[in-house]
Amino acid sequence: MSLLVNDKKVSDHHAIIPTLELEKADLSELPVGERNILLLVCRELLCAVAEPYVYEAVTATFTCGGQTFTAKGRRILSEGWREIDHIFRASLKEQPEGEAEPAALPDFTEGQLFDQVEAAVTEHLEMPEDAERKGLGTPATRAAILEKLVAAGFVERKGKSLIPTKAGINLVTVLPDTLTSPMLTAEWEQKLTAIARGEGDPAAFMAGISDMARELVKTYSHISEEGQKLFAPEREAVGLCPRCGKPIYEGRKNFYCSDRSCRFVLWKDDRFWTSRKKELTKKMAADLLKKDRTSVKGMWSEKKGSTYDAVVVLDDTGGKYVRFKLEFPKRKEGVNGKK
């Protein structure tokens, strides 16, 4: 086992290794699930002792219209352990897991010109080359972080892809570059690994984090007004302002025009409503804005000491306060002609 396992590099991750007793066992007696797990373990062991997978990485640089483009590919020199993996997966009719490999590139010569080019534009996250080399945590750690991002609404799943939501994009927009760069996580991961091996200073590491936190708080003590607008909750307009045509939104005490320079506002506790023991509701406000009127039942008459039904009409003259007037439905005549 000394050829396969480096005890100095074993920490909290453990291995299951098949023994020679496997030769004496009848695998057909095992349940299908247990047999498949055993075969997976055997595959990993065989791949670990097999010849290395060797390929030649190729990066081609092109210029077009003053812009520089790159294409990456690889040419396989030796399949090595991957041949065992392919044979095993073929026996189970499985597809290879993981990311697609770069395609093989044709032979290029320096200064070669191309007359016809097909291109497509894609959007992706730019990852510094050193980030993956230094490490971004274990697969389990990354999976937990992704689950938190999905639960918080910053990322959503679409098939096998993870797509940033509007809230996620806005968050990255307002955060400092230091916090959004994968290099920060990669560098911390590298330092924590060194500390775990006894090669780093924990006190110096924590002091560096404290200094960075103080500097971030000092430099970015608040979000700009534009940044705050990015996180403003999406509101449903009650209607359109009769004065300027901008959306009208509901507030805690009123229905107000979204244009701050416009003075149009409908107060819920306006004297017109409170004296009649009524409060302006969202539906009533929507009717007033759309049809200039709303039917209200059970309004209180202070003079008569009783309730009545009427149509409230919006009577806006452009002044500081919006006015209302009442319209009463005509009473129908009876059979004898009397009202």
Side-chain angles (χ1 to χ4, degrees), residues 12 66-70 99 121-158 160-237 246-254 256-262 265:
D12 56 338
Q67 301 294 325
T68 301
F69 303 89
T70 60
E99 298 179 359
V121 177
T122 60
E123 184 176 350
H124 63 281
L125 176 64
E126 184 176 354
M127 181 73 72
E129 294 183 1
D130 284 349
E132 281 295 335
R133 180 177 62 81
K134 292 183 177 181
L136 287 172
T138 66
T141 303
R142 293 195 290 269
I145 293 174
L146 291 174
E147 288 301 325
K148 289 181 180 179
L149 292 174
V150 172
F154 295 125
V155 173
E156 62 182 358
R157 288 189 175 88
K158 287 188 177 180
K160 295 184 178 180
S161 301
L162 291 170
I163 309 297
T165 62
K166 181 180 179 181
I169 295 174
N170 290 341
L171 179 62
V172 174
T173 300
V174 300
L175 286 178
D177 293 339
T178 305
L179 297 180
T180 59
S181 172
M183 286 304 300
L184 176 64
T185 304
E187 290 173 359
W188 282 2
E189 188 74 25
Q190 191 177 43
K191 291 179 180 178
L192 288 171
T193 301
I195 292 172
R197 294 175 180 173
E199 301 170 358
D201 184 358
F205 176 72
M206 293 305 301
I209 292 180
S210 298
D211 292 340
M212 185 193 72
R214 279 193 294 268
E215 185 62 27
L216 287 172
V217 173
K218 178 181 177 181
T219 307
Y220 305 97
S221 59
H222 66 281
I223 301 178
S224 65
E225 185 176 345
E226 291 299 321
Q228 293 177 17
K229 290 181 180 179
L230 294 175
F231 294 93
E234 294 185 0
R235 296 164 297 176
E236 180 183 358
K246 298 293 179 62
I248 295 289
Y249 295 115
E250 181 179 10
R252 188 167 61 90
K253 295 183 177 181
N254 55 25
Y256 62 94
C257 180
S258 56
D259 187 346
R260 294 185 178 182
S261 63
C262 180
V265 61

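Predicted model only: the values in this text are computed from it and were never measured.
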For Glu189 and Thr185, test the side chains for any donor-to-acceptor distance below 3.5 angstrom and give the result as yes or no. no
For a quick test of reading the model, state the closest non-hydrogen atom pair linking Thr178 to Leu184 and the distance between them. O-CD2, 3.4 Å
When you look at CG of Asp211, are more than 12 heavy atoms from neighbouring residues, nucleotides or ligands closer to it than 6.0 Å? yes
Is the side chain of Ser181 donor-acceptor paired with the backbone N or O of Met183 at a distance under 3.5 Å, no angle test? yes
Are any of the side-chain heavy atoms of Val150 and Glu156 separated by less than 4.5 Å? no
Leu162 side chain near Leu146 side chain, heavy-atom distance below 4.5 Å: yes
Would you call the rings of Tyr256 and Tyr249 parallel, tilted or perpendicular, taking 30° and 60° as the class edges? tilted
Surrounding CD of Glu236 (heavy atoms of other residues, nucleotides or ligands, distance under 6.0 Å), is the total greater than 12? no
Closest non-hydrogen atom pair between Cys257 and Cys262, with its separation: SG-CB, 3.7 Å
Measure the shortest side-chain to side-chain distance between Ile209 and Trp188 over non-hydrogen atoms and say whether it is less than 4.5 angstrom. yes
Hey, does the side chain of Thr180 reach the backbone of Asp177 with a donor-acceptor pair shorter than 3.5 angstrom? yes
By side-chain contact (heavy atoms from CB on, under 4.5 Å), which residues pair with Pro176, not counting sequence neighbours? Leu179, Leu216, Tyr220
NZ/NE/NH1/NH2 to OD/OE distance under 4.0 Å, Glu147 and Arg157: yes
Can you name the residues that form a side chain to side chain donor-acceptor pair (under 3.5 Å) with Ser210, not counting sequence neighbours? none
Where Thr165 and Gly153 come nearest, the two heavy atoms and their spacing: OG1-O, 2.5 Å
